[in-house]
Amino acid sequence: MIDGFPLSFFLPLVVHALAALTTGVTGVITFSKPKRSVRHPKWGVRYLWAYTAVFLTANILSVQNWPTDAYLVFLATIGYGFALGGYGARRFRKAPWLLRVLGKQWISAHIVGMIGSYVVLWTAFYVDNAHLIPGLKQLPTLTFWVLPTMIALPFLVVSLSRFAPKTVRHARLDSASK
């Protein structure tokens, strides 16, 4: 027992906290690096590895406190799914099967996946820990489920408008409108 926690819970908790901190920091670094440079993808891989550790330890911890923390398995799975989807869109962007599905819109899938995973990471953190943070525990619980998305939405819109390929559809004029 360490600080009232069994060792089987405490060790994954420490790894989880360090991995989550690493994911948060590498996420900011990755987002701030110039796109199309070598550094952005390298930091993105570090982000994915840290997120992998968060996902695995979140599941270990949730199973140990099952009914109470069952929602964390859902959040960990959704967040990691976003991260894998965003990474996969970038990694396999030239694969024929992905080109058939997404074409040049792999960039949109990458942006939505990576920003979505970051939002879920912070949502899970606040939903699980807000009661421990002075000043936040007075806010309604719904705030922590919605606020990270509301904060990230402008970043998502700006990123998509800057980096996603523009698609133009030409309207066909019928004979009545000529």
Side-chain angles (χ1 to χ4, degrees), residues 15-59 61-62 69-95 97-130 133 136 139-168:
V15 172
H16 180 74
L18 292 173
L21 178 62
T22 303
T23 306
V25 170
T26 57
V28 169
I29 293 170
T30 305
F31 297 153
S32 67
K33 293 294 175 196
K35 311 318 173 236
R36 298 188 178 116
S37 75
V38 175
R39 290 180 295 216
H40 179 79
K42 281 188 179 183
W43 279 101
V45 169
R46 293 174 183 140
Y47 174 82
L48 184 65
W49 278 110
Y51 216 117
T52 301
V54 169
F55 171 72
L56 293 173
T57 55
N59 281 294
L61 295 168
S62 296
D69 290 345
Y71 68 95
L72 293 174
V73 170
F74 174 74
L75 287 173
T77 303
I78 295 297
Y80 192 56
F82 270 124
L84 284 175
Y87 174 79
R90 163 70 171 78
R91 171 72 172 81
F92 300 109
R93 69 189 181 279
K94 294 180 182 176
W97 59 270
L98 192 65
L99 283 171
R100 275 194 306 276
V101 176
L102 295 176
K104 290 186 178 181
Q105 291 300 327
W106 69 266
I107 298 169
S108 299
H110 174 70
I111 291 169
V112 169
M114 299 316 270
I115 291 178
S117 70
Y118 202 71
V119 168
V120 174
L121 179 80
W122 284 105
T123 300
F125 171 77
Y126 285 123
V127 167
D128 197 42
N129 297 301
I133 303 170
L136 293 183
L139 294 173
T141 305
L142 182 62
T143 304
F144 308 113
W145 284 97
V146 175
L147 193 60
T149 301
M150 299 309 295
I151 291 170
L153 204 52
F155 291 101
L156 180 63
V157 169
V158 167
S159 294
L160 286 172
S161 67
R162 285 185 65 197
F163 299 110
K166 310 300 184 258
T167 56
V168 177

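Just so we're clear, the structure is a prediction, and the values are computed from it rather than from any experiment.
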Taking C-beta and beyond as the side chain, do [X] and [Y] meet within less than 4.5 Å on heavy atoms?
X	Y	answer
Val146	Thr123	no
Val54	Leu121	yes
Ile133	Phe125	yes
Tyr126	Pro148	yes

Which value, rounded to the nearest 0.5 Å, describes the distance between [X] atom [atom1] and [Y] atom [atom2]?
X	Y	atom1	atom2	value
Leu99	Phe92	CG	CZ	12.5 Å
Thr77	Phe82	OG1	CZ	12.5 Å
Ile115	Leu160	CD1	CG	7.0 Å
Leu84	Thr52	CG	OG1	6.5 Å
Trp145	Thr143	CH2	OG1	13.0 Å
Thr22	Arg46	OG1	CZ	11.5 Å

Using a cut-off of 6.0 Å, state whether more than 12 heavy atoms not belonging to [X] lie near its atom [atom1].
X	atom1	result
Lys42	NZ	no
Phe163	CZ	yes
Tyr71	OH	yes
Arg91	CZ	no

- Item | Qualifying ring-ring contact (aromatic ring centres under 6.0 Å, His included) pairs, either residue in residues 17-49, two or more places apart |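 Sorted pair list: Phe31-Tyr118, Tyr47-Tyr51.
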
For [X] versus [Y], what's the shortest heavy-atom pair and its separation?
X	Y	result
Ala83	Ser117	N-CB, 3.5 Å
Ala19	Ala53	CB-CB, 3.6 Å
Leu72	Ser62	CB-OG, 3.3 Å
Arg90	Pro41	NH2-CG, 3.3 Å

Strictly distance-based, threshold 3.5 Å: is any side-chain N or O of [X] a donor or acceptor partner for the main-chain N or O of [Y]?
X	Y	result
Lys33	Val28	no
Lys104	Leu102	no
Arg162	Ser159	no
Gln105	Ala164	no

- Query: Of Thr57, Leu61, Leu56, which is the lone residue that meets side chain to side chain contact (heavy atoms under 4.5 Å, CB included) with Val15?
  - Reply: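 Considering Thr57, Leu61, Leu56, a side chain to side chain contact (heavy atoms under 4.5 Å, CB included) with Val15 is found only for Thr57.
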
- Query: Going through the checks in order, is the side-chain contact (heavy atoms from CB on, under 4.5 Å) test met by Val45 and Tyr87?
  - Reply: CA-CA 8 Å; Val45 169; Tyr87 174 79; 3.9 Å; yes

